[in-house]
**Student:** 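Have a look at this one before I ask anything.
One-based numbering, in listed order, for ligands and for the atoms of each.
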Amino acid sequence: MKEKELKHPLITHKLSILRNKKTSTKEFRELISELSIILCYEAMKDAKLHNTSIETPLEKINTKCLNEDDYAFVPILRAGMSMVDGILKVLPTAKIGHIGLYRNEKTLEPVEYYYKMPKNIGKREIFILDPMLATGGSAIATINRLKQDGVKKIKFLCIIASPEGIEAIKKTHRDVKIYCASIDRCLNEIGYILPGLGDAGDRVYGTK
Ligand code: PRP
Ligand code: URA
């Protein structure tokens with residue numbers, strides 16, 4: 001499935017501020033949130049709508065609505081949590097599942113430390129949230145875990161993706177579509193994205 005890279009002058013502008021090492025934690029969080037809203041709109045372009053009828057102040061009409069039981073958002077802890085704020089601005093009733101993974105800094109392999117999903121997870125379309133798709137290890141571990149739980153439809157939303165991470169997902173999970181604000185150049189020798197933005201979790205939480 002072809003990945004979708006958002007291309008827009010405003011997005012390029014916002015990414016330039018986000019990548020700048022001088023950008024404050026506050027502004028970094030706000031930009032991740034804004035970009036997540038745009039990614040959410042793009043990824044939900046084909047969302048299923050249900051018929052409903054309402055009354056406007058002037059007349060009764062048949063219209064369409066989303067059903068919140070049809071989907072759920074799953075941030076990969078920690079950094080993925082920074083995208084939830086934007087999603088909840090657009091969809092305040094969205095159900096959120098959590099998966100906790102960290103990368104073993106030597107092997108770069110993801111290690112799971114938390115997993116809690118909304119009910120009927122197998123019946124929902126899942127939007128995985130993580131600002132960074134680097135080697136793809138964390139994304140693939142999350143997709144594997146969700147598929148074990150019966151999930152059939154998954155989209156992966158990130159701010160920055162590496163070509164290596166995109167290829168890794170395509171090789172293992174062709175059915176998962178990736179949405180990102182930028183596809184960067186490559187990974188460095190310790191698995192960081194170049195030019196990237198550094199360690200997203202540390203920048204969001206001010207831990208370094
Ligand atoms: C970062 C990032 C992704 C992962 C990407 O998380 O938020 O989850 O690395 O790398 P990968 O594609 O090579 O797996 P990290 O492990 O640093 O944990 P954190 O969010 O707790 O900082
Ligand atoms: N995780 C990050 O936070 N940044 C990278 O560049 C790669 C993985």
**Student:** I'd like to know whether NE2 of H13 has more than 12 heavy-atom contacts from other residues, nucleotides or ligands below 6.0 angstrom.
**Tutor:**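 Counting other residues, nucleotides and ligands, NE2 of H13 stays at 12 neighbours or fewer.
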**Student:** Answer yes or no: is there a side-chain heavy-atom contact under 4.5 Å between R78 and V204?
**Tutor:**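 Result no, sub-4.5 Å side-chain heavy-atom pair not found.
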**Student:** With rounding to the nearest 0.5 angstrom, report the CZ to CD1 distance, F156 to I76.
**Tutor:**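 Taking CZ in F156 and CD1 in I76, the distance rounds to 5.0 Å.
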**Student:** Find all atoms of ligand 1 within a distance of less than 4.0 Å from any non-hydrogen atom belonging to Y102, and give their numbers and elements.
**Tutor:**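 The atoms of ligand 1 under 4.0 Å from a heavy atom of Y102 are 16 (O).
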**Student:** Is the ring pair F127/Y71 parallel, tilted or perpendicular, if the boundaries are 30 and 60 degrees?
**Tutor:**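 Answer is perpendicular, since the angle exceeds 60°.
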**Student:** Can you list the residues that meet the salt bridge (Lys or Arg N to Asp or Glu O under 4.0 Å) rule with K119, with sequence neighbours excluded?
**Tutor:**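 For K119, no residue satisfies salt bridge (Lys or Arg N to Asp or Glu O under 4.0 Å) once neighbours in sequence are set aside.
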**Student:** Does the protein put a heavy atom less than 4.0 Å from atom 1 (C) of ligand 1?
**Tutor:**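 Flag for atom 1 (C) of ligand 1 set to false, no protein heavy atom closer than 4.0 Å.
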**Student:** Say you draw a straight line from CG of L77 to CG of D130; how long is it, rounded to the nearest 0.5 Å?
**Tutor:**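 So the CG of L77 and the CG of D130 are separated by 9.5 Å.
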**Student:** Using a 4.0 Å cut-off to any heavy atom of A79, which atoms of ligand 1 qualify?
**Tutor:**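 Taking each heavy atom of A79 in turn, ligand 1 has 7 (O), 20 (O) under 4.0 Å.
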**Student:** Looking at every non-hydrogen atom in both residues, tell me the closest pair between I32 and P131 and how far apart they are.
**Tutor:**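 Scanning both residues, the minimum pair turns out to be CD1-CB, 4.2 Å.
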**Student:** Atom 11 (P) of ligand 1: which protein heavy atom is closest, and how many Å away?
**Tutor:**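 Going by distance alone, atom 11 (P) of ligand 1 is nearest to T135 OG1, 3.4 Å.
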**Student:** For atom 16 (O) of ligand 1, what is the nearest protein heavy atom, given as residue, atom name and distance?
**Tutor:**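 Result: R103 N, 2.9 Å.
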**Student:** Among all protein heavy atoms, pick the one closest to atom 14 (O) of ligand 1 and tell me residue, atom and distance.
**Tutor:**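 The answer is S138 OG, 2.6 Å.
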**Student:** Give one line per pair: atom of ligand 2, protein atom, distance. Only N/O to N/O under 3.5 Å.
**Tutor:**
| unit_1 | atom_1 | unit_2 | atom_2 | d |
| --- | --- | --- | --- | --- |
| ligand 2 | 3 (O) | A200 | N | 2.8 |
| ligand 2 | 4 (N) | G198 | O | 2.8 |
| ligand 2 | 6 (O) | I193 | N | 2.8 |

**Student:** Examine the proximity of ligand 1 to A200 and report which part, side chain or backbone, both or neither, has a heavy atom under 4.0 Å away.
**Tutor:**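 Neither part.
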**Student:** May I ask which of T207, I159, D199, T142 has a heavy atom nearer to atom 17 (O) of ligand 1 than the others do?
**Tutor:**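 Answer by nearest heavy atom: D199.
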**Student:** Please determine which of V74, L101, T142, L146 meets the side chain to side chain contact (heavy atoms under 4.5 Å, CB included) test together with Y115.
**Tutor:**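 Going through the options one by one, the only one that passes is L146.
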**Student:** Looking at atom 6 (O) of ligand 1, is any protein heavy atom nearer than 4.0 Å to it?
**Tutor:**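 Given the 4.0 Å cut-off, atom 6 (O) of ligand 1 does not count as touching protein heavy atoms.
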**Student:** Between M83 and L157, what is the shortest heavy-atom contact and its length?
**Tutor:**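 In this case the closest contact between M83 and L157 is CE-O, 3.6 Å.
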**Student:** Could you tell me if the side chain of K95 sits less than 4.5 Å from the side chain of R124, heavy atoms only?
**Tutor:**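 A side-chain contact under 4.5 Å exists here.
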**Student:** Pull out every atom of ligand 1 sitting under 4.0 Å from any heavy atom of G201, numbered as shown with elements.
**Tutor:**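 Matching atoms, with element in brackets: 22 (O).
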**Student:** Compute the shortest N/O to N/O distance between R78 and ligand 1 and return yes if it is under 3.5 Å, no if not.
**Tutor:**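 So ligand 1 has an N or O lying under 3.5 Å from an N or O of R78.
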**Student:** Can you tell which part of D130 has a heavy atom less than 4.0 Å from ligand 1: side chain, backbone, both or neither?
**Tutor:**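 The answer is the side chain of D130.
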**Student:** Tell me the protein heavy atom at minimum distance from atom 18 (O) of ligand 1, and give that distance in Å.
**Tutor:**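 For this ligand atom, the closest protein heavy atom is L101 O, 4.1 Å.
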**Student:** Under 4.0 Å from any heavy atom of G136, which atoms of ligand 1 are there?
**Tutor:**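 The list of qualifying atoms is 11 (P), 12 (O), 13 (O).
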**Student:** Have D184 and S162 got a donor and an acceptor in their side chains that come within less than 3.5 Å?
**Tutor:**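 No pair is found: no donor N or O on one side chain lies under 3.5 Å from an acceptor on the other.
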**Student:** Kindly compute the distance separating CG (L194) from CG (N188), expressed to the nearest 0.5 Å.
**Tutor:**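 Reported value, rounded in 0.5 Å steps: 5.0 Å.
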**Student:** Return the minimal non-hydrogen interatomic distance between A79 and A200, and the atom names on each side.
**Tutor:**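 Here A79 and A200 meet closest at CB-CB, 4.1 Å.
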